[in-house]
There are 2 protein chains.
Amino acid sequence: MDGYPGRPDLLIVNGTVLTMDKEGTVMENGAVAVSGDRITSVGQGTEVDVKNAALVIDAEGGIIMPGLINTHTHAAMTCFRGLADDMELMTWLNDYIFPAEARLTQDRVYTGSLLACAEMMLSGTTCFSDMYLFEDAVAQAASRAGMRAVVGEVLYDFDSPNYGPIEKGFDYTLGLIERWQNDPLITIAVEPHSPYLCDPDLLRQAAAISEQYDIPLIMHVAETAGEVKQIQKTYHKSPVAHLGEIGVLSPRFLACHCVAVSDADIELFKAYDVKVSHNPESNMKLASGIAPVPAMQAAGICVGLGTDGPTSNNNLDMFMEMDTAAKIHKVNLMDPTVMDAPTVLGMATIDAARSLGLDRETGSLEPGKKADVIVIDTRKPHLTPMYNIYSHLVYAAGGSDVRHVIINGVPVVRDCALLSFDVDGVMDQMRQIAAEIRRLHNWTAGGLNGSANQKKR
Amino acid sequence: MDGYPGRPDLLIVNGTVLTMDKEGTVMENGAVAVSGDRITSVGQGTEVDVKNAALVIDAEGGIIMPGLINTHTHAAMTCFRGLADDMELMTWLNDYIFPAEARLTQDRVYTGSLLACAEMMLSGTTCFSDMYLFEDAVAQAASRAGMRAVVGEVLYDFDSPNYGPIEKGFDYTLGLIERWQNDPLITIAVEPHSPYLCDPDLLRQAAAISEQYDIPLIMHVAETAGEVKQIQKTYHKSPVAHLGEIGVLSPRFLACHCVAVSDADIELFKAYDVKVSHNPESNMKLASGIAPVPAMQAAGICVGLGTDGPTSNNNLDMFMEMDTAAKIHKVNLMDPTVMDAPTVLGMATIDAARSLGLDRETGSLEPGKKADVIVIDTRKPHLTPMYNIYSHLVYAAGGSDVRHVIINGVPVVRDCALLSFDVDGVMDQMRQIAAEIRRLHNWTAGGLNGSANQKKR
């Protein structure tokens, strides 16, 4: 091992180490040593002194790799997963999601986020970026779960069920920044909803906070052609050009979705070193379209992967998202060579970290980085034999193949079981919340197969 | 329960029963009773006499549903999964797959198929339709695994590594029909590869066997635009029109892929009551295109779902295939209401059974049908709460959520563990086969991340 001196607190041994470093280093019979919250060395297993470590995790011949990073979600929407699907966007929003969200509380967001953390950690995600209401509850949930998170309160022109008018929204955001500034897991971001729900003053003020505190500015951008049309009508330019013109683009800017972007928009992203979050499953399910990700990557733009919220996906499994990301662009461009497996794995790890400004901390297994590590169990029929590690991870593996998860040096999942909180208790609480939601909205009539949108066969 | 008299051999109790019958019946607190290989009743759990049954399986509040049916695969290609990806079809075939297949043996196909059966059964598939070489070994593997299967030896104009010249291919097929005619699990089909690798005489002879024995005629049809161009050049018509003209279309015909079909082709399918197997993940990964499935269904054509082989997907998980099938057509048609969850679930169950001529035997939970039943464990973060059973199964669940599997009345998976054979032993054998394949083809140089197609980051 590249020797960091001292006794490691944790050794992960006996696996193929996929580092996701710049050189694409993969080590058979490799090991990772951790002291405190940081990786101290990554190397061949034969050089490891197992006796010297406080705790040893045996990968049993599996894959040791960086934890996955979900660059865009609305975690607490676990409260509403499956409530309404297969319908027009406006029906979905106006008849189901908005009425349900109007009744949200700090407590429900906390429970919903904790449940999402369980799902994400159990499927190998070690860090997520969240935009929603009551984000202090999301930060508390991530902190309780032991999960790395970038969180930001959603800001828009109209009143929020959480903070009320927009001035209070900025106060709330500044409060989050103050409260979580020295947290080892939580980063606060400024998160205006979108160019169509935020006027230029709001966006400029958000950008100023992002600049002042050097934190991410995260926003939905160009999710649909309809949005582009609306912004064109109001501002006579594309959403991206509008954001450029009002002066809010920067390397801290993370633009989510970016389905309806032009070549000129891509050039503008590149000029400002804007980052992009790609959410293919949500874009497909809502029929938003297919983001031109290969073109953005060819232009040198950093693109991370994200699931979007659990009502528009409907899971938070980044392995499924990788599989879909690899495939949708191949068929869209009618070229099987685009979005190859190593590229896609990068979008879920090191590129995702970079898109959130966290690449010095996480996203690859390298000495000095925080120890966000997952272990994949490859002793399964669908992962036997293994010719190519990248291909297996993107096209064959699933979140349920994750056996151990370490975040910030702390084992939070061992042998597929969550260690950091009582997930059964959280599921019980969520069932009560769901019963209340059904009752409040009178959504009880049809039962399990009777939603308005679900026809009988 | 709808009372069949007598003592049930097996009772599955305490779950939500999703029947997939014509009325779309879903029963909370339901139960399924089995005597021998057949379902004797489906009903409310309160009417069940648990004491009277020889074996009781407790669904513990989960979902009791029909086993999934994979209408198109090449199971033994588990031998080559991940060997080559992200490359042009012809490079993939000529430089990797064909040289590897030329060295196939009966034993390797048996082991590869057994491994595929393990993967499929563990992820809730109870029946698969297979086209490959050495299909007697596939039938033996399915029989050993306790899995329902439709198998057919691939036939084409050139010599086969199994049977040699095509006359021997028909002999081999007739031998399969004779050998397996009274088997409770295995159905033999006639399987010419495709219109572009089979001349009209071959196809007519295959169709005659299908008619004589009243068994399926299964073929790749219009998988790519390139194929359509080639057939146009030779026969001056589309592949489907060509098949119609030479007289081989019938209700027993199952056309796989059907990516490049026209409205006229769809009309022809409808006129002959041809069935279709939809394989969206393979079509995406190989950049073949998107089959017009909603149009085919609107025309009244029965479409089942399939994964295709594990080298072009690269898994055999029908839950992932359902998720992709639901999403790809929404984004392709820019309409979130198409391919709703109940429709997609039908394509993986009752429509799949119909497409293989097995709908009187399997595909739904109804008294008198064979007992092919799976139980989903819903006590998981990603499946809590549950508002809509169809949505959860298509958009949130995965193969690893399957807890129990019963095929033909026999429990073959209990508590996520395979009962019917030693899967660890089969995985060991497969690792040896893979080592031989690497050695034979000199594919050792690059190691786990060094395939020609995989660039370093």
Side-chain angles (χ1 to χ4, degrees), chain A residues 16 22-24 26 28 81-83 85-89 115 118-119 122 281 283-287 289-290 313-315 320 324 327-328 330-331 334-337 340-342 346 381-382 384-392 395-396 398 400 423 427 430-431 434 448-449 451 454-457, chain B residues 16 22-24 26 28 81-83 85-89 115 118-119 122 281 283-287 289-290 314-315 320 324 327-328 330-331 334-337 340-342 346 381-382 384-392 395-396 398 400 423 427 430-431 434 448-449 451 453-457:
Chain A
T16 299
K22 264 185 202 151
E23 294 73 31
V26 177
E28 293 191 56
R81 168 160 40 201
L83 188 62
D85 295 287
D86 303 326
M87 54 181 66
E88 293 293 348
L89 183 67
L115 190 68
E119 177 183 356
L122 289 167
E281 295 208 2
N283 299 154
M284 291 166 75
K285 182 161 181 280
L286 297 175
I290 300 169
N313 187 310
N314 290 352
N315 63 63
M320 286 187 70
T324 301
K327 286 171 179 161
I328 186 67
K330 289 175 173 41
V331 76
M334 292 299 273
D335 178 356
T337 70
D340 60 17
H382 65 288
T384 304
M386 183 163 74
Y387 295 101
N388 185 294
I389 195 168
Y390 294 103
S391 165
H392 256 34
Y395 296 119
S400 60
V423 67
M427 287 197 284
M430 179 53 79
R431 288 186 198 103
L448 289 171
N449 60 335
S451 288
Q454 302 289 19
K455 71 181 181 208
K456 294 210 168 179
R457 292 188 54 74
Chain B
T16 300
K22 265 185 201 152
E23 293 73 29
V26 177
E28 292 191 58
R81 168 161 38 200
L83 189 63
D85 295 288
D86 302 327
M87 55 180 66
E88 293 292 348
L89 183 66
L115 190 68
E119 178 183 355
L122 288 167
E281 296 208 0
N283 299 154
M284 292 166 75
K285 181 160 182 282
L286 298 175
I290 300 169
N314 294 350
N315 63 62
M320 287 187 68
T324 301
K327 285 169 178 161
I328 186 67
K330 288 174 172 42
V331 76
M334 292 299 274
D335 178 355
T337 70
D340 60 17
H382 65 287
T384 304
M386 182 163 76
Y387 294 102
N388 184 294
I389 195 168
Y390 294 104
S391 166
H392 255 34
Y395 296 119
S400 59
V423 67
M427 287 196 283
M430 179 52 81
R431 288 185 198 103
L448 288 171
N449 61 334
S451 288
N453 58 316
Q454 301 289 19
K455 72 181 180 207
K456 295 207 167 180
R457 292 190 55 74

Do B/Lys330 and A/Asp86 have side-chain heavy atoms sitting under 4.5 Å apart?
-> yes
Scanning both residues in full, the closest heavy-atom pair of B/Gly82 with A/Ser391 reads CA-OG, 3.5 Å
Is the closest side-chain heavy-atom distance between A/Val331 and B/Lys285 below 4.5 Å?
-> no
Could you state the interatomic distance from CE (A/Met87) to CG (B/Asp340), rounded to the nearest 0.5 Å?
-> 10.0 Å
Residue set satisfying side chain to side chain donor-acceptor pair (under 3.5 Å) with A/His382, at least two apart, ordered chain then number -> A/Asp401
Would you check, one step at a time, whether the test side-chain contact (heavy atoms from CB on, under 4.5 Å) holds for B/Lys327 with A/Asn313?
-> CA-CA 9 Å; B/Lys327 285 169 178 161; A/Asn313 187 310; 3.6 Å; yes
In terms of heavy-atom pairs under 4.5 Å, which option from A/Ala434, A/Pro336, A/Gly398 contacts chain B the most?
-> A/Pro336
With a 4.5 Å cut-off on heavy-atom pairs, point out which of B/Arg431, B/Met427, B/Met430 contacts chain A the most.
-> B/Met427
Could you give the distance from CG (A/Leu286) to CE (B/Met334), rounded to the nearest 0.5 Å?
-> 10.5 Å
Under 4.5 Å from a heavy atom of chain B, the part of A/Ile328 involved | both
Which atoms form the tightest heavy-atom contact between A/Glu88 and B/Asp335, and what is the distance?
-> OE2-OD1, 4.0 Å
Rounded distance [0.5 Å steps], OH in B/Tyr395 versus CZ in A/Arg81 | 14.0 Å
Any donor-acceptor N or O pair under 3.5 Å, side chains B/Asp85, A/Tyr387 | no
Most chain B-contacting option - heavy-atom pairs closer than 4.5 Å, from A/Thr384, A/Val423, A/Leu115, A/Asn315 = A/Thr384
